[in-house]
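Data first, discussion second: the structure below is written as structure tokens.
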Amino acid sequence: MGWWLFKTEPDSYSIDDLARDGDSPWDGIRNYQARNRLRDEVRVGDRVLIHHSSCRTPAIAGIAEVIRAAEPDPSQFNPQASGYDPKSSPDSPRWFQVTLRHVRTLPAPVPLAVIRTETALQDMELVRRPRLSVQKVTAAEAKHIQLMAKSQH
DNA sequence: GCCAACGTTGGC
DNA sequence: GCCAACGTTGGC
């Protein structure tokens, strides 16, 4: 089982929305490196740290599980959708989504500002390459973050 | 709202 | 295929 970190803007879709929905397609990713990882490396059963960005307190807010592997993101074919891509076609889709299930909302979100001060977490892509929307996480990093959430609580 | 970092586009 | 111009992201 692998670990990932997906970013989301909570104003659009938050960990609470995922908790309410139970599961949800993770669509709207429009970056080639993130796409390649979704399509080629993310597996059913992998765990995902859900990170809230572009909000008052950017933070890791919860954990999800991948329940469906990559499949074409339907919003790319919809001219009304914000993620519409006129250069993509159902015959050769350009963008993919996976489907997540809510596992747990952390007892306290772990702020990015705190993660930045944590020696054990300096190698996280969140710290080194914060813009990438699908990030690799080690099991040790995931465990560390969960312990931080528990002790903050 | 600023701005640094970084991704994408397109002329050559 | 280079690279300048431009657009986007996202923390602060």
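Residue numbers begin at 1 in each chain, while the letters A, B, ... track the order of the sequences. Just so we're clear, the structure is a prediction, and the values are computed from it rather than from any experiment.
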More than 12 heavy atoms of other residues, nucleotides or ligands under 6.0 Å from CZ of A:R94: yes or no?
yes
A:R20, CZ atom: more than 12 neighbouring heavy atoms under 6.0 Å
yes
NA contact type, A:R116, heavy-atom cut-off 4.0 Å: base, sugar-phosphate, or nothing?
sugar-phosphate
For A:W26 and A:Y13, take the angle between the two ring planes, folded into 0 to 90°, and tell me which bin it lands in: parallel under 30, tilted 30 to 60, perpendicular over 60.
perpendicular
Under 3.5 Å, sequence neighbours excluded: what are the donor-acceptor pairs made by side chains of residues 37-51 of chain A?
unit_1 : atom_1 : unit_2 : atom_2 : d
A:R37  : NH1    : A:E125 : OE1    : 2.9
A:R37  : NH1    : A:V134 : O      : 2.9
A:R37  : NH2    : A:E125 : OE2    : 3.1
A:R39  : NH2    : A:N36  : OD1    : 3.4
A:E41  : OE1    : A:K136 : NZ     : 3.1
A:R43  : NH1    : A:D40  : O      : 3.4
A:R43  : NH2    : A:D40  : O      : 3.4
A:D46  : OD1    : A:G2   : N      : 2.9
A:D46  : OD2    : A:W4   : NE1    : 2.9
A:D46  : OD2    : A:R43  : N      : 2.9

Could you tell me if [Y] and [X] have a donor-acceptor pair between their side chains, going purely by distance under 3.5 Å?
X: A:R30; Y: A:S75; answer: yes
X: A:Q135; Y: A:R128; answer: no
X: A:R104; Y: A:Q146; answer: yes

Anything under 4.0 Å to a heavy atom of chain A counts; send over the first and last such nucleotide of DNA chain B, read 5' to 3'.
B:dA5 to B:dT8
Could you identify which residues of residues 118-132 of chain A place a heavy atom less than 4.0 Å from some atom of DNA chain B, listed by residue number, or say none?
A:R129, A:R131
Point-to-point distance, once rounded to the nearest 0.5 Å, from OG of A:S14 to CD of A:E9
12.0 Å
